[in-house]
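Working notes, beginning with the structure itself.
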Amino acid sequence: MKSIRMMPALGLACALAVAAPAHAALADFGSCGTRLRDAAIAQGMAGERIDGLFADVAPDMSVLPLLDAQPEFTTPIWDYLAVLVDAQRVADGRAMLATHHGLLDRVAAEYGVDPATVVAVWGVESDYGRIAGKRPLLQSLATLSCNGRRQPFFRGELLALLKLIDRGDLVANGLTGSWAGAFGQTQFMPSTYARIAVDGDGDGRRDLVASIPDALASTANYLKQSGWRSGQPWGVEVRIPAGFDATLAGRTKRRTLAAWRALGVTQADGGALQVAAVADDSAAALLLPAGAKGPALLVFRNYDAIYSYNAAESYALAIATLADRLRGGNGLVAAWPTDDPGLGRGERRELQTLLLARGHDIGAADGMVGDATRRAIRAEQQRLGWQAADGRAGTRILQALRDAKPAAPTVFRLPADYPQFVQSAIVRSGVSMKDVQGLSTGDFNGFTAWKVETPFSTAAISVFGGQLLSFVPRGGRDVMWLSPAAKQPPTPIRGGSPVCWPYFAKQGQGNDVPSHGFVRTVPWELRDAQREADGTVVLTLAPPVLEGLSLRLTMKLRIGRTLEQELLTENTGSEPVVFTQALHNYFDVSDALKVDVTGLDGLTYLDKLDGGNTHVQQGDWNLRDPRDPGRSDRIYTQARGHYVLRDPGFGRSIDITTGGSRTAVVWNAGEAAAAKMEDIGPGWRNYVCVEAGNVGPDVIELAPGGRHTLKQVFEVKPL
């Protein structure tokens, strides 16, 4: 239901009233807003209810270009399927089949649609409920109802959505979906939802957003209503003879199985064409999705049912082939006619990791290829001398970067002027404190700090080291742990979020350089401060420019409902520089032995307590791990950039999202080691370090003039 290109337009069951002044709720939509309001009232909705729903809804014109940019129609078939039918989606789908086997068996018995097909739709539409769209539905549908082509269709969908909200199936607050209005676990359009959705869990509501039983039962009902034939296959891969007339192919050009056999079509292995549960006189269509030199498929009535869900051949093939893989199949036999096959999400993350290592500022290695990743690929293709620098994420560029000689970390020498900065107690600021409401300087637990107060939170940043010492959401407790026994400068401050830069660990340097980089033990300068309209405060800080160091560092902190921190590194020299870095976060916890960190499962880590040997994380991280109970010093490589620290004692979770970070470091000294550290001691149970960085093998190579941004965001939520 994700694509709207081929879906039937619905007639409006309302007359357009004589134009009247738009009510406040729809004023931004002009006379169209008035007509929408009148149409909703005509179908029985109260005007006050409509005004309340649209009180904060304004047009979003960014949805209009998406009408003609749907990936089902613009992406090569081998790229499209590589992402949607990759190893990760297959493994997750098989896990879902096992987890929900009772529900799926019940759905299959009632609607006649097999579990693998239902789960395949779920996997392709929302990655099993993980990605259901972030655009506010009312905003998108109202915008498309009043702008661009197909306005009548979208008006019908908006009115259907309003009716679902009014009858109680859906809660409007926070309701999001795709740009075109599809939403929920299996991405129904509102009119389809109204017509097809069923109550699969028996609670009296049809909730395809929060209820997995409702979503899966409704998906099966949709396929049944579209003509699904129980016990029959969607299709079969075949082989066509040399010189075959490709004009005979096409979803609507049907022949009997016997007729295709007479034309020389065989099984994929060359054997005589026979299909279990399909008679010789059954109608079938031949598909050649990449032409006569690619895979060939004979498809039957069940393929048409899948196709009706989202009218695109590539989409239907993704569902069909994923379902086959979930049943234990190995995928298509014939290769796609390309020398540069597409990449699955794991390979895309690897490609992005390699791009980040070469200094490309593309954000997180999340497997989602956007404009920043394409620009970086294009730059690497040009560097390699490729004639076609198209920015495409394919096997060829991945292999080229794999084969590139890994960069050796730069050995940093102690800057000649470093000692004079360490001894300096000067507070440098280019900002007048009185000019920025909520910003001041003063003492924070014995440290000279910039102090910030906003309507949403407070924070403190040490002048020494530019170190975040505190972030307290309004009405909550501090997110950061600061040791009660933290030493005064020039000793590094234990706690908060030390900035480790331009190296995290020794990179061949001698013992004359400080641990974890130069900037955590020098005074920083406040270069800029701004207060946004809602009271959020944005600070820009920087350490002093150090002699002989071609790298420059700037830090931006955005303090409001969340804490956002960015480290921007620039290479002002004439030679490439390879560096490492980290934001060494000490999070305040109720009891380090009772908290868990999600987002690390399945990652490879280097265990510094085991001589740096590699292991694979099993499940969530905690200090109750039988491998190494009560302590941790792990470097997780190729990390995914989203972690949640769950603390039942404090009744909260800390959501940690990172960008430009390929490494997560998780550390707690443990009781024995902490006893030897004056500034930790028994405090080891009060913190857990979850650090954003690029360390160990995940180095950053920055070309002359290159820039790299490491970013992290903290958001506190109740458990």
Side-chain angles (χ1 to χ4, degrees), residues 443-449 458-462 464-465 467-473 476-500 504-505 514-516 520-521 563 582-598 600 605 607-610 620-636 643-654 656 664-693 714 716 719:
D443 176 89
F444 184 85
N445 287 20
F447 299 100
T448 303
T458 62
I461 302 95
S462 170
F464 180 69
Q467 185 166 332
L468 177 69
L469 301 178
S470 170
F471 173 62
V472 184
R477 60 180 302 123
D478 212 320
V479 171
M480 313 310 297
W481 177 78
L482 181 61
S483 169
K487 305 296 184 181
Q488 288 294 313
T491 303
I493 302 171
R494 178 75 69 183
S497 183
V499 179
C500 305
F504 179 76
S515 297
H516 291 326
R520 64 195 293 253
T521 52
L563 186 288
L583 290 165
H584 195 325
N585 307 307
Y586 288 79
F587 291 108
D588 187 33
V589 298
S590 59
D591 186 340
L593 293 174
K594 296 180 180 179
V595 301
D596 298 271
V597 177
T598 69
L600 301 167
Y605 65 88
D607 192 342
K608 293 182 68 176
L609 300 175
D610 184 28
D620 297 340
W621 174 93
N622 56 59
L623 287 179
R624 306 181 298 280
D625 190 330
R627 253 209 88 254
D628 200 12
R631 60 178 190 164
S632 178
D633 196 350
R634 300 181 179 184
I635 296 175
Y636 292 85
Y643 325 105
V644 178
L645 194 162
R646 297 173 54 83
D647 187 341
F650 285 161
R652 74 180 183 185
S653 66
I654 303 172
I656 308 156
V665 179
V666 183
W667 177 71
N668 184 289
E671 184 174 14
K676 302 174 184 178
M677 303 177 183
E678 291 182 24
D679 50 4
I680 297 184
W684 71 275
R685 291 188 72 157
N686 302 125
Y687 79 86
V688 164
C689 287
V690 182
E691 308 169 35
F714 305 153
V716 179
L719 277 181

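Values reported hereafter were calculated over all heavy atoms of this structure, with side chains retained and with hydrogens, waters and symmetry mates removed.
Interatomic distance, Phe587 CZ to Met480 CE, rounded to the nearest 0.5 Å: 5.0 Å. Taking CD1 from Ile493 and CZ from Phe447, the interatomic distance works out to 4.5 Å, rounded to the nearest 0.5 Å. In this structure, CZ on Arg646 lies 8.0 Å from CG on Asp620, to the nearest 0.5 angstrom. The distance from atom CZ of Arg624 to atom NZ of Lys594, rounded to the nearest 0.5 Å, is 9.5 Å. Atom NZ in Lys608 sits 13.5 Å away from atom CG in Asp628 (nearest 0.5 Å). Atom CZ of Arg634 and atom CG of Leu600 lie 9.5 Å apart (nearest 0.5 Å).
Residues satisfying the side chain to side chain contact (heavy atoms under 4.5 Å, CB included) criterion with Pro473, sequence neighbours excluded, are Phe471, Val479, Val716. For Arg477, the side chain to side chain contact (heavy atoms under 4.5 Å, CB included) partners are Asp588, Phe650, Arg652, not counting sequence neighbours. Residues passing the ring pair (Phe, Tyr, Trp, His ring centres under 6.0 Å) test with Phe444, sequence neighbours excluded: none. Residues satisfying the side chain to side chain contact (heavy atoms under 4.5 Å, CB included) criterion with Val472, sequence neighbours excluded, are Thr458, Ser470, Asp478.
Annotation: side chain to side chain donor-acceptor pair (under 3.5 Å) contacts involving residues 487-498, sequence neighbours excluded, comprise Lys487-Glu678, Arg494-Tyr586, Arg494-Asp679, Ser497-Asn585.
The two atoms that bring Asn668 and Ala592 nearest to each other are ND2-CB, 3.9 Å, heavy atoms only. Gly649 approaches Ser590 most closely through the heavy-atom pair CA-OG, 3.3 Å. Scanning both residues, Val666 and Ser632, for their nearest heavy atoms gives O-OG, 3.2 Å. Closest heavy-atom contact between Ser653 and Val644: CB-CG1, 3.7 Å.
Between Tyr636 and Trp621, some side-chain heavy-atom pair lies under the 4.5 Å cut-off. In this structure, the side chains of Val589 and Leu645 come closer than 4.5 Å at one or more pairs of heavy atoms. Taking 4.5 Å as the limit, some side-chain heavy atom of Thr521 sits within range of a side-chain heavy atom of Phe464.
Applying the side-chain contact (heavy atoms from CB on, under 4.5 Å) test between Asn622 and each of Val595, Asp596, Leu593 identifies Asp596 as the sole match.
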Check against side-chain contact (heavy atoms from CB on, under 4.5 Å), Phe714 and Ile656: CA-CA 5 Å; Phe714 305 153; Ile656 308 156; 4.2 Å; yes
CA sep, side-chain torsions, deciding dist, call: Arg627, Asp607, salt bridge (charged side-chain N to carboxylate O under 4.0 Å, His left out): CA-CA 11 Å; Arg627 253 209 88 254; Asp607 192 342; 2.8 Å; yes
Can I get a per-line list of side-chain donor-acceptor pairs under 3.5 Å for residues 682-693, giving both atom names and the distance, sequence neighbours left out?
residue: Arg685; atom: NE; partner: Asp591; partner atom: OD1; Å: 3.1
residue: Arg685; atom: NH2; partner: Asp591; partner atom: OD1; Å: 3.1
residue: Arg685; atom: NH2; partner: Asp591; partner atom: OD2; Å: 2.7
residue: Tyr687; atom: OH; partner: Ala669; partner atom: N; Å: 3.0
residue: Glu691; atom: OE2; partner: His584; partner atom: ND1; Å: 3.3

